[in-house]
J.: 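Questions regarding the structure given below will be posed in turn.
Note that ligands are numbered from 1 as they come in the structure, with each ligand's atoms numbered from 1 the same way. Both backbone and side-chain heavy atoms feed into the values below; hydrogens, waters and symmetry mates do not. Keep in mind that this is a model prediction, so the values were computed, not measured. Counting from 1, the numbers follow the sequence of the chain as shown.
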Amino acid sequence: MKSNIIDKKKSLLDFKNQPVIARAVELAKEFNIKIFLVGGPLRDIFLRKKVLDFDLAINGDVKKFGSLLAEKLKGKFIYHPQFLTGKIIYNSNYLDIARLRDEIYEEPGALPKVIPIDDITVDLKRRDFTINAFAYDLLEDRIIDPFSGVKDLKERKIRILHERSFIDDPTRIFRAIRFAKRFNFEIEKKTFTLLKRAIKESYLKTISYQRIFHELYLILKEKKFNEILFSLSQLRIFKKIFGKSLYRRNIKELERLKSLKTPLELIFIYLLYLLDFRELRILKKEEAKIIEELDYFRKIKRRLLRAKRYSKIYQLLSPLSLSTLKIIYALEISLRRKIKIYEKIKEKRTLINGRELRKLLQKGVIKNLKEKDFSKILLHLKLKKIDGELKSKEEEIKEIIKWTQER
Ligand code: CTP
């Protein structure tokens, strides 16, 4: 045990010697302010994980401090005045800086009101779980751990700090399950009781879809995203929010998408599709489109499975965007061959295009064709061409004449 603690002290000191932190500490001394290492990165040092991004808290002006430090690190600084926080991006790493603050939740689920303070203990008290609520004082080289977070880390426990924690901020319900699965920790008994009560009493309904989506994104990034989603579904969280549960077969599909390195944004949309989320106005245009296309695909799937003619495959798949096709390709093994065929045949071009059609009309080669019918006849030609029925320009012209006469 003892050697473990010495180890920790050593790794914290090693950490402090990193140029970025050394610079931040120097600057804090110049500003005559306190500076602490907090949150996830500190927790992760204790868990012996690799830490690349830092989380600092100061009792000074974040805007001034952050811009100066960013300058020294040759990085970029983004400041969020409403939260008194900022982010430095340097060498593709992040350094988060926050003002020591208290937070007041005026309504459950709403974003808190932020009040700057000087006392680190008060700042720690507003946080989610004990394992995220201790600090390392970088000036005095000591751990500040008023809620025994280090002990809970050792005992592998997720524990909230006060009874209203899940009510004030129901996103912590997602966070508790996410951390428990990520670290293979247990949710402490009373915490779990309060978590279940907050679900039952529908506090999840108090948070905006944007915040829920953010949590879903963070979950999908996790290695054990499947276990997290399954636990959340068993706790009936999705039923409460979306009116729909996620089943094992749904999660299997998400696993497949992830194992095939499908972009996270697409996996996220597929998750919303599985959850029957159809308030499409809330989504970005492209996202809403994918959900509509997936609905369409569900309707034509059987026809596509039966389709033999290439022109039929083309007709059924052409309303789908590349993103939706990617999802379907990953999930529907029995349709892969047809999707590959589609990718090839969609490139086929007829020899006659709109301009040519107009010329033929002017020359009187074809008659009885209105501009509004151009796209119809061109599609007709394309389908014939896809099926290999048109080989030359002459054959295409003949086909147009036949088409106009038959109408
Ligand atoms: N926090 C909180 N309540 C939340 C979100 C965050 O109390 N709903 C606090 C926690 O102390 C957390 C810190 O803010 O450690 C930083 O938040 P975030 O970056 O989301 O969490 P990390 O713990 O860094 O998690 P991760 O390892 O997933 O980045």
Side-chain angles (χ1 to χ4, degrees), residues 15 36-58 62 78 80 83-89 93-105 107-115 117 120-136 143-150 152-153 157-185 191 194-195 198 203-204 206-208 210-225 228 264:
F15 179 82
F36 303 90
L37 179 64
V38 288
L42 179 60
R43 174 200 67 217
D44 289 348
I45 291 176
F46 274 73
L47 290 171
R48 299 166 187 275
K49 296 200 181 297
K50 205 169 174 177
V51 174
L52 295 171
D53 303 325
F54 308 117
D55 212 340
L56 299 176
I58 59 172
V62 170
I78 304 161
H80 303 291
F83 302 119
L84 302 178
T85 58
K87 192 185 267 306
I88 299 179
I89 305 159
N93 289 332
Y94 295 112
L95 194 155
D96 285 316
I97 308 167
R99 178 72 175 78
L100 288 188
R101 93 281 281 296
D102 197 1
E103 286 177 345
I104 295 178
Y105 291 90
E107 273 171 69
L111 288 171
K113 214 169 120 186
V114 174
I115 301 156
I117 48 154
I120 180 72
T121 314
V122 178
D123 180 284
L124 294 173
K125 199 171 159 197
R126 60 151 179 109
R127 291 175 185 259
D128 52 0
F129 310 116
T130 57
I131 60 162
N132 291 335
F134 60 100
Y136 182 60
I143 297 284
I144 297 154
D145 183 14
F147 308 103
S148 308
V150 177
D152 280 340
L153 262 187
K157 290 224 162 86
I158 308 284
R159 187 197 306 270
I160 43 172
L161 308 190
H162 60 87
E163 296 226 342
R164 280 190 61 83
S165 191
F166 290 122
I167 297 174
D168 285 344
D169 181 357
T171 63
R172 289 174 177 168
I173 296 171
F174 290 96
R175 292 173 64 87
I177 309 289
R178 181 157 62 87
F179 288 128
K181 293 289 174 192
R182 184 200 289 174
F183 299 129
N184 205 9
F185 280 16
T191 300
L194 291 168
L195 178 147
Y203 281 102
L204 284 160
T206 62
I207 35 179
S208 66
Q210 295 319 322
R211 295 187 72 201
I212 291 168
F213 292 168
H214 179 65
E215 293 303 321
L216 293 180
Y217 246 99
L218 293 178
I219 290 166
L220 289 175
K221 278 190 187 166
E222 296 277 336
K223 218 173 176 175
K224 296 194 195 161
F225 74 99
I228 301 171
L264 212 61

J.: Polar-atom distance check: R182 versus ligand 1, any N or O pair below 3.5 Å?
T.: yes
J.: Any atoms of ligand 1 less than 4.0 Å from a non-hydrogen atom of G39? List them with their elements.
T.: 15 (O)
J.: For ligand 1, which atoms sit closer than 4.0 Å to a heavy atom of R172?
T.: 2 (C), 3 (N), 7 (O), 8 (N)
J.: Do L264 and K221 come close enough that some side-chain heavy atom pair is under 4.5 Å?
T.: yes
J.: Does F179 come within less than 4.0 Å of ligand 1, judged by its heavy atoms?
T.: yes
J.: One residue to check: V38. Relative to ligand 1, which of side chain, backbone, both or neither has a non-hydrogen atom less than 4.0 Å away?
T.: neither
J.: Roughly how far, to the nearest 0.5 Å, is the CZ atom of R172 from the CD atom of E215?
T.: 11.0 Å
J.: Shortest non-hydrogen contact from P146 to L124?
T.: CD-CD1, 3.7 Å
J.: If every non-hydrogen atom of G109 is compared with every non-hydrogen atom of R211, which pair is closest and at what distance?
T.: O-NH1, 2.8 Å
J.: Parallel, tilted or perpendicular for F129 and F179, by the 30°/60° rule?
T.: perpendicular
J.: On a heavy-atom basis, I'd like to know which of L124, D96, D44, D128 is closest to atom 10 (C) of ligand 1.
T.: D128
J.: To the nearest 0.5 Å, what is the distance between CD1 on I228 and NZ on K181?
T.: 8.5 Å
J.: Can you pull out the closest protein heavy atom to atom 27 (O) of ligand 1? Residue, atom name and distance to 0.1 Å, please.
T.: R43 NH2, 2.7 Å
J.: Can you tell me if Y94 has over 12 outside heavy atoms packed within less than 6.0 Å of its OH?
T.: no
J.: Near R178, which atoms of ligand 1 are under 4.0 Å from a heavy atom of that residue?
T.: 28 (O)
J.: Protein non-hydrogen atoms only, distance under 4.0 Å: does atom 19 (O) of ligand 1 have such a neighbour?
T.: no
J.: Just wondering, do V114 and R99 contact through their side chains at under 4.5 Å, heavy atoms?
T.: no
J.: Where's the contact between T171 and ligand 1, heavy-atom distance under 4.0 Å: side chain, backbone, both or neither?
T.: side chain
J.: Would a search of protein heavy atoms around atom 25 (O) of ligand 1 find one under 4.0 Å away?
T.: yes
J.: Given R175, E222, R127, which has its nearest heavy atom closest to atom 6 (C) of ligand 1?
T.: R175
J.: Which heavy atom of the protein is the closest neighbour of atom 16 (C) of ligand 1, given with residue, atom name and distance?
T.: D55 OD2, 3.8 Å
J.: So which heavy atom in the protein is nearest atom 8 (N) of ligand 1, and how far is it from that ligand atom?
T.: D169 OD2, 2.7 Å
J.: Quick one: do R126 and D169 make a salt bridge, cutoff under 4.0 Å?
T.: no
